[in-house]
Protein chains: 2
Amino acid sequence: MLRLPPLNALRAFEAAGRHLSFKQAAAELCVTQGAISRHILNLEQYLGAALFNRSHRQVALTVEGLAYLQETRAAFLGISNATARAQSKTGDRKLRIKAPPTCAIRWLVPRLGRYHALFPEIAVQLTTSHDALDFEHDDVDVGIHYGDKVTAGWQSERLFDEVLIPVCSNKLLPRNQRCNSPREIARYVLLHSIRRPSDWRQWLDAAGLKGSRATQELTFENSTMTLQGAFDGLGIAIAQKALVAEDIASGRITVPSEIEVRNSSAYYFVFPAAREKSATVRTFYRWVAEEARATRASVDAL
Amino acid sequence: MLRLPPLNALRAFEAAGRHLSFKQAAAELCVTQGAISRHILNLEQYLGAALFNRSHRQVALTVEGLAYLQETRAAFLGISNATARAQSKTGDRKLRIKAPPTCAIRWLVPRLGRYHALFPEIAVQLTTSHDALDFEHDDVDVGIHYGDKVTAGWQSERLFDEVLIPVCSNKLLPRNQRCNSPREIARYVLLHSIRRPSDWRQWLDAAGLKGSRATQELTFENSTMTLQGAFDGLGIAIAQKALVAEDIASGRITVPSEIEVRNSSAYYFVFPAAREKSATVRTFYRWVAEEARATRASVDAL
DNA sequence: GCTACGCTTGATATTTAATCAAGTGAAGCA
DNA sequence: TGCTTCACTTGATTAAATATCAAGCGTAGC
């Protein structure tokens, strides 16, 4: 029978010792710095020995603290490796993602490289489909769901709201130049997607052009192709702001009007609540939530 | 930054894997077996891999479980050793105990050998004194307190109540032979301790001999000497049942009357609440509580 | 002298873990 | 065949451990 110290306190100590800062350790472990302070106090009381010398605005390891840290880290490293091996054997070191095509291509794929760099041991498999997610039958771990509500029994994280804006190539309209009125926009070729036939209608309605029709229209198989058409200068497409935020920011594409339409739909990262505890799912969850936060920030900055 | 599994679940797994029984692991960790079951389920979900094969009334490690257990144990062993070293350096690997003399000599000392065998790395230092405990000034870690209440700010565990019974040598009265009446007892030489002048009075009162005086009396410096006098056949002493339970059970000493006096005093194991988290104190606490439980059981069995 | 910034700490809230008790299923026995 | 027993599971609840919030503290640096 082993006698072990409080293990969560030990993990806090390991992080604090590595950073030599309670604050940074707290950030790493996603808690407040007070929590770290308490953990370490607790461990010190357990040991009956000081681990840190506290001085103004910084902490330093004591001699005992340093020795303890090194031994502790070795042990945690062993646990970490063992855990990785146990997962990779029969465990879930692969992550199957299902997402709507446009969201996948324009948002997820450009970011997945970063994810893979962070977690190279996890094999990602991405499927795109417009069909509703069904974890019972789909053989999929997590998904991106588009809509205004989420099925009960799913864990979900709202990634970004649907905000429709018109976009077009710089060839069509010089960068940063706005059309004077929505009516002017309607005189261009309007690019549609079969999948989303009402987007332009929604935008035109919101722009005060209820019932009006575009002069010329061009319809594509899907939103990706529609956007590509806009990039190529064929006309003005209606796009989801979050999915073109970077193209706008970098100037690759122009927004000819400031009118935006926000509706109740949004993209959600979802997975079955039963898989909540899976390390792979949790890791991806945290990563995707952070990426979405960054995207929302850049959308807001436009 | 290390990614670690739920560490408390891991500890439960280590114990369960070692015992190959959730029930025994639960006993070792002082929790119910349901708690172990949940911990292991949690860990399995985290890993996405089964660690145990559950079959009827027994669990067996899976291949992955066995590998994981071995690596995990190595890491825990490292932590355990590191912790022991950290404690022994500047830490509290010594335990200073203060206890009333009779309790120390007759109860604690005979058991301390067992404690030392269990925890050889802890240096025990025992002081005996009738004075009230004072952790502020005494330079003592834990103590045994005699009385009917405990100072605020102390953590305490009641060891055993004070129950006064007469005892004498087999020479004086053959084993298991009772006196017919308390009055008969009062005709023997009654052995007193200066420290506890009212013990006999209490007992005689309770025996219905209010106001009566003993024929002959002998007074000793302290209870230990008084008891020794009884062992030697000098007369009948009044003793605390818990402190002579083993002598009675083994027949070394005789109880000449069934009349017992129970008062509100008791022996308490105490220590400053602030030291609650010290590993050394906690370990001793658990040990002493268990020993007292055994003593109470043997007292009750008399 | 003032501000800023990490750590500490008391009160409180939240989350996690434990308990309790009922349920399950198979071995062992009548 | 049917009953009992025993170890594990599981849903509901309780208890304990952790985290948060916000105020406090102390000094380096302005």
Side-chain angles (χ1 to χ4, degrees), chain A residues 4-46 50-62 65 152-153 155 273-279 282 285-286, chain B residues 4-46 50-62 65 152-153 155 273-279 282 285-286:
Chain A
L4 295 168
L7 295 170
N8 292 329
L10 201 61
R11 159 158 47 188
F13 166 65
E14 192 278 330
R18 184 149 35 78
H19 292 294
L20 289 177
S21 155
F22 289 10
K23 196 182 187 185
Q24 283 173 253
E28 175 178 315
L29 300 178
C30 303
V31 295
T32 58
Q33 160 273 76
I36 302 292
S37 173
R38 286 172 142 69
H39 268 311
I40 286 169
L41 210 66
N42 185 19
L43 189 58
E44 289 181 324
Q45 288 180 351
Y46 177 88
L51 295 167
F52 287 101
N53 289 316
R54 277 84 162 167
S55 56
H56 176 59
R57 283 200 205 175
Q58 73 174 3
V59 289
L61 286 160
T62 60
Q155 190 85 321
R275 300 224 49 201
E276 185 183 25
K277 286 176 177 164
S278 155
R282 286 156 77 110
Y285 183 4
R286 279 177 59 172
Chain B
L4 295 169
L7 295 169
N8 292 328
L10 202 61
R11 159 159 46 188
F13 166 65
E14 192 277 332
R18 185 149 35 78
H19 292 293
L20 288 177
S21 157
F22 289 12
K23 197 182 186 185
Q24 282 173 253
E28 175 177 316
L29 299 178
C30 302
V31 294
T32 58
Q33 158 277 74
I36 302 293
S37 174
R38 284 173 143 70
H39 267 312
I40 286 169
L41 211 65
N42 185 19
L43 189 58
E44 289 181 324
Q45 288 180 353
Y46 177 89
L51 295 167
F52 286 101
N53 289 315
R54 278 84 161 167
S55 55
H56 175 59
R57 283 198 206 177
Q58 71 174 4
V59 289
L61 286 159
T62 59
Q155 189 87 320
R275 301 226 46 202
E276 186 184 24
K277 287 176 178 164
S278 155
R282 285 155 77 109
Y285 183 4
R286 278 177 61 172

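Values reported hereafter were calculated over all heavy atoms of this structure, with side chains retained and with hydrogens, waters and symmetry mates removed.
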Given [options], which nucleotide is nearest the side-chain atoms of [X]?
{"X": "B/Arg38", "options": "C/dG10, D/dT10, C/dA18", "answer": "D/dT10"}
{"X": "A/Arg54", "options": "D/dA19, C/dT8, D/dC8", "answer": "C/dT8"}
{"X": "A/Gln33", "options": "C/dA18, C/dG6, D/dG26", "answer": "C/dG6"}
{"X": "A/Thr32", "options": "D/dC21, D/dT10, D/dC8", "answer": "D/dC21"}
{"X": "B/Lys23", "options": "D/dA19, D/dA7, C/dA18", "answer": "D/dA7"}
{"X": "B/His39", "options": "D/dT9, C/dA17, C/dC7", "answer": "C/dA17"}

Find which nucleotide of DNA chain C each of A/Ser37 and B/Val31 is nearest to by heavy atoms, and output the residue with the more 5' nucleotide. A/Ser37
Please state how far atom [atom1] in [X] lies from atom [atom2] in [N], giving the value in whole angstrom units.
{"X": "A/Leu51", "N": "C/dC7", "atom1": "CG", "atom2": "C1'", "result": "16 Å"}
{"X": "B/Leu43", "N": "C/dA17", "atom1": "CG", "atom2": "P", "result": "12 Å"}
{"X": "B/Asn8", "N": "C/dT16", "atom1": "CG", "atom2": "C1'", "result": "10 Å"}
{"X": "A/Leu20", "N": "C/dC5", "atom1": "CG", "atom2": "P", "result": "20 Å"}
{"X": "A/Phe22", "N": "D/dA19", "atom1": "CZ", "atom2": "P", "result": "14 Å"}
{"X": "B/Lys277", "N": "D/dT18", "atom1": "NZ", "atom2": "C1'", "result": "11 Å"}
{"X": "A/Tyr46", "N": "D/dT18", "atom1": "OH", "atom2": "P", "result": "14 Å"}
{"X": "A/Leu29", "N": "C/dT15", "atom1": "CG", "atom2": "C1'", "result": "16 Å"}

Is the shortest heavy-atom distance from the side chain of [X] to the side chain of [Y] under 4.5 Å?
{"X": "A/Leu20", "Y": "A/Gln58", "value": "no"}
{"X": "B/Val59", "Y": "B/Asn53", "value": "no"}
{"X": "B/Tyr46", "Y": "A/Ser278", "value": "no"}
{"X": "A/Leu43", "Y": "A/Pro6", "value": "yes"}

Within the structure shown, what part of the strands sits under 4.0 Å from A/Ser21 by heavy-atom distance: base, sugar-phosphate, or nothing? sugar-phosphate
Categorize A/Leu41 for me: base, sugar-phosphate, or nothing, with a 4.0 angstrom heavy-atom threshold over every strand shown. sugar-phosphate
So that I can tick it off, tell me whether B/Lys277 and A/Glu44 are bridged by a salt bridge, with the cut-off set at under 4.0 angstrom between side-chain N and carboxylate O. no
